[in-house]
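Only heavy atoms go into these numbers, but all of them, side chains included; no hydrogens, no water, no symmetry mates.
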Amino acid sequence: MQDRFDKAADIAFGVCKAWFEEQAAIRANNLQGRQAICDNLRTFVDEYDWESPDFRLVHKTLRTAQTEWRTLIPVERSKGKELNATFNKLLKELEAHLSTHWSENQKKKEALIEEVKNALEDESKNSSDLIELVKGVQAQWKEVGPAGRRHEQKLWNEFRKECNTAFEMRETQQQERRSQIDANINLAKEEVAQVSKIIEDKESTLPQLSASLVSDLRAKISDIELPMRIRNRLNEELASLSTKLSQRRETLETRRTSAELLMLMDLDREIGEYEAKGEKPDAELLKRASAEGNWFSTRNAETAAKSVFALHELVLRAEVLADIPSPSEDAGKRMQVQVSRLQHGLTRGGESEEQKVERLIQSWCSQAYGEQPLRERFQIAIRKHLQKLSEN
């Protein structure tokens, strides 16, 4: 029975023998691989230049050895135990070198964290300066290297928290700045709209339409912080408003001048009536006339007698200026006046319509004493011309 059992056992074991032999070969190869790792680590530790080490390489060597070691399983226990002790000893030697380096890196990273904290507390720094500093510190952080398993994650979490605080502050300040810019834009537009309303208002007077109205607005807006695009657009609006202001002022000044000249025509008529009667104008009338200087004070009967032809020419000039017809008997004289006016315009260009009519009125008022047959024609021509100027 024993012989039969042993023979059957040998046959059964023959089925598994190849597998056991294969496993033994794997354990032997793994053991050999681990031995090679230990030999390489020993060579690295003994021959590396620790006076000027590259700790990134040291750390990479350590991690690579650990990774490869874990892949080399299974191994024979009795021999693997002794080799495992050798491997752990070599790791500790490498980690001892790294430990000092990690400690230095820890201090450097703690200093960088402190630098960011101090910058956050510095109220003199604006958001741009703060962000530039944080970006610089982040670049330094990358260059420092790891601080070891015990401290690296904790340091990184704290550093990231401080950096995020800086970026959040910038975002908050940017939002506040955007709000301020929006407020500035609305304020500038309101200022422009107010001035535009004054210029467009048909009831606005010359004092309200000051010549410096737009320039004062431009100076006011220049002190408001605005985006360049908005400022350029507002400058275009201001240029348009400046043109409109000049036109409105010119129109109102023309109307004011016309009203003043019409008042002189009224004075001429009223004073002429007193003079025709040989009476002295009342005090109020003289007071109004004196406001125009000596226009009326120099005229008298003798002057008027000598000025008949001159007054006739003034009437014709007024009718030519107002573009109304003259009596047929004055056709030849009117032609002379027109030629003279053309020559005068060539030699004295740039004279405004108001200046032309004012010179005519001044000449008339200083000579047309008493009753004048031509006064009605002169008054009609001057009034029509002034009305045309006011309407334009």
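Proximity of a side-chain donor or acceptor of Arg27 to a complementary backbone N or O of Glu76 within less than 3.5 Å is not detected. Distance alone, capped at 3.5 Å, is enough to place a donor-acceptor pair between the Ser366 side chain and the Ser363 backbone. A side-chain donor-acceptor contact under 3.5 Å links Arg34 to the backbone of Leu72. A distance-only check finds no donor-acceptor pair linking the side chain of Tyr369 to the backbone of Ala305 [under 3.5 Å]. Although no hydrogens or angles enter the test, the distance criterion places a donor-acceptor pair under 3.5 Å between the side chain of Thr64 and the main chain of Lys60. Remark: the backbone N or O of Leu217 is not paired with any side-chain donor or acceptor of Glu191 at under 3.5 angstrom. Of the possible polar contacts, one joining the Asn157 side chain to the Gln153 backbone as a donor-acceptor pair under 3.5 Å is found. A side-chain donor-acceptor contact under 3.5 Å links Arg231 to the backbone of Ile224. With hydrogens and angles ignored, the 3.5 Å screen pairs no side-chain donor or acceptor of Ser242 with any backbone N or O of Leu238. A side-chain donor-acceptor contact under 3.5 Å links Asn40 to the backbone of Ala36.
Inspection of the Asn184 and Gln180 side chains reveals an N or O donor paired with an N or O acceptor under 3.5 Å. For Gln379 and Arg383, the side-chain atoms include at least one donor-acceptor pair closer than 3.5 Å. A donor-acceptor pair shorter than 3.5 Å can be found between the side chains of Glu110 and Gln106. Between the side chains of Glu236 and Asn232, no donor N or O sits under 3.5 Å from an acceptor N or O.
Within the structure, side chain to side chain donor-acceptor pair (under 3.5 Å) pairs that include any residue of residues 305-316 comprise Glu302-Lys306, Ser307-Gln367, His312-Asp330 (at least two apart or interchain).
Side-chain contact check for Arg299 versus Asp268: some heavy-atom pair is nearer than 4.5 Å.
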Distance-only donor-acceptor hits, side chain of residues 94-104, under 3.5 Å, sequence neighbours excluded:
from   : atom 1 : to     : atom 2 : distance (Å)
His101 : NE2    : Asn105 : ND2    : 2.9

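Between Glu93 and Arg42, at least one side-chain nitrogen of the basic residue sits less than 4.0 Å from a carboxylate oxygen of the acidic one, meeting the salt-bridge criterion. Remark: Arg269 engages Glu376 in a salt bridge, criterion side-chain N to carboxylate O under 4.0 Å. Lys109 has no carboxylate O lying under 4.0 Å from a charged side-chain N of Glu158, or vice versa, which leaves the two without a salt bridge.
Across Asp216, Val214, Ile221, a single residue satisfies side-chain contact (heavy atoms from CB on, under 4.5 Å) together with Arg218, and that is Val214.
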Original post:
Could you walk me through whether Gln336 and Val339 pass the side chain to side chain contact (heavy atoms under 4.5 Å, CB included) check?
Top reply: CA-CA 5 Å; Gln336 294 178 6; Val339 172; 5.8 Å; no
